[in-house]
Novice: 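Before anything else, here's the structure in question.
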Amino acid sequence: MKIATFNVNSIRRRVGALCQWLDDAAPDVVLLQELKAQAEQVPILEIEAKGYRVELVGQKAYNGVAIVSRHPITVIHRALPGDTADEHARYIEADIAMPGGPVRVASIYLPNGNPAPGDKYDYKLRFLNRLYAHARELLELEIPVVLGGDYNVVPADIDVHDPVGTADDALCRPETRQAYRRIVNLGYTEAYRTLHPNRIEYSFWDYQAGAWQKNDGWRIDHLLLSPQAADRLLACEIDRDPRGRPEASDHTPVWCQLR
DNA sequence: ATGGTGGCGGTGCCA
């Protein structure tokens with residue numbers, strides 16, 4: 001069972017790249033972020049033609065998240081609990097009917113939070129606190145849970161090309177890392193770093209200033225696994241190939257394989 | 001030091 005996260009930076013621009021990656025990688029589930037489209041604008045038929053179902057929360061121009069799955073999807077939440085006034089399309093959670101039993105997944109698009117400090121950074125920290133509270137409740141299910149997405153969090157200095165120059169960035173600041181660690185410390189396993197403790201790889205490269213060519217990247221797309229999922233973890237990789245193709249997203253897919 | 005790119009929507013905002 002293969003579960004991936006992929007920030008597509010516009011599903012309309014990237015549906016071709018997504019479908020190619022579905023062919024190449026054959027994931028069971030892909031958690032998408034930054035659809036940048038309303039629900040009716042999402043090219044669902046193209047994705048369904050590849051043998052996948054789609055559930056999504058859309059929004060005009062910004063945000064937008066989806067769950068793409070070969071297996072039946074039962075949506076549980078269309079927003080992150082904890083603030084009904086938050087109208088950003090940044091969270092969708094569902095049960096996936098896997099042959100071996102249900103797996104709970106969420107596609108998360110955390111706020112970027114720049115500039116920091118500021119209102120946007122405060123919103124990011126509030127969002128992280130809401131995610132902490134909800135992630136804690138999910139552990140009570142005692143089933144495999146995969147919380148995947150664009151966390152907009154650089155967990156440690158090893159996860160960014162220039163830790164000194166970016167130290168004050170909203171993705172790197174100590175409060176950000178602390179709020180993220182607090183979630184992990186509830187009992188979640190970050191799949192990539194757990195399997196590759198010292199490997200330097202990134203999941204995002206800015207479009208500007210030749211960041212991709214210089215490998216000036218950031219590792220900000222993560223898969224957090226509940227104990228029941230972590231016990232089944234076999235592999236986790238960052239697939240750089242889509243980022244290197246023409247008209248690529250600025251992010252590339254991260255996937256994990258569970259027994 | 002600055003500006004560098006891309007997406008949306010039709011102007012600046014967001015990343």
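Here is how names work: the chains are called A, B, and so on, in the same order as the sequence lines, proteins then strands, and each is numbered from 1.
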Novice: Round to a whole Å and report the spacing from CH2 of A:Trp205 to P of B:dG6.
Specialist: 16 Å
Novice: Would you indicate, yes or no, if B:dG6 has its OP1 or OP2 atom less than 4.0 angstrom from a side-chain nitrogen or oxygen of A:Ser10?
Specialist: no
Novice: In plain terms, say whether A:Glu55 and A:Arg78 are close enough for a salt bridge, that is, a side-chain N and a carboxylate O under 4.0 Å apart.
Specialist: yes
Novice: To the nearest Å, give me how far apart CD (A:Gln208) and P (B:dC14) are.
Specialist: 16 Å
Novice: Figure out the NZ/P separation between A:Lys36 and B:dG6, and round it to whole Å.
Specialist: 12 Å
Novice: Relative to A:Phe204, does A:Arg219 satisfy both conditions: NZ or CZ under 6.0 angstrom from the six-membered ring centre, and within 45 degrees of the ring's axis?
Specialist: no
Novice: Could you tell me the separation between the CG atom of A:Asp206 and the C1' atom of B:dG4, rounded to a whole number of Å?
Specialist: 9 Å
Novice: How many Å lie between OH on A:Tyr207 and P on B:dG3, as a whole number?
Specialist: 23 Å
Novice: Using the ring pair (Phe, Tyr, Trp, His ring centres under 6.0 Å) rule, pick out the option among A:Tyr192, A:Tyr188, A:Tyr180 that qualifies with A:His222.
Specialist: A:Tyr180
Novice: Using the P atom as the point on both nucleotides, what is the distance between B:dC13 and B:dA1, in whole Å?
Specialist: 27 Å
Novice: Rounded off to whole Å, could you give me the CG-to-C1' distance for the A:Asn7 and B:dG6 pair?
Specialist: 12 Å
Novice: For a quick check of understanding: with a heavy-atom distance under 4.0 Å over all strands, which category does A:Tyr109 fall into, base, sugar-phosphate or nothing?
Specialist: sugar-phosphate
Novice: Quick one: which of B:dG7, B:dA15, B:dC8 gets closest to the side chain of A:Asn9?
Specialist: B:dG7
Novice: Taking atom types as modelled, find out whether A:Lys124 and A:Asn152 have a side-chain donor-acceptor pair closer than 3.5 angstrom.
Specialist: no
Novice: Expressed in angstrom and rounded to an integer, what is the separation of A:His88 atom NE2 from B:dC13 atom P?
Specialist: 15 Å
Novice: What interatomic distance, in whole Å, is found between C1' of B:dG10 and the corresponding atom of B:dC14?
Specialist: 16 Å
Novice: Which whole-number value in Å describes the distance from A:Asp250 CG to B:dG4 P?
Specialist: 18 Å
Novice: Between B:dA15, B:dT5, B:dC8, spot the one nearest the side chain of A:Lys120, thanks.
Specialist: B:dA15
Novice: Among B:dA15, B:dG6, B:dC13, which nucleotide has an atom closest to any side-chain atom of A:Tyr62?
Specialist: B:dC13
Novice: Between A:Trp212 and A:Trp205, how do the two ring planes meet: parallel, tilted or perpendicular, split at 30° and 60°?
Specialist: perpendicular
Novice: Which residue lies toward the 5' end of DNA chain B, A:Ala209 or A:Asp150, if each is placed at its nearest nucleotide?
Specialist: A:Ala209
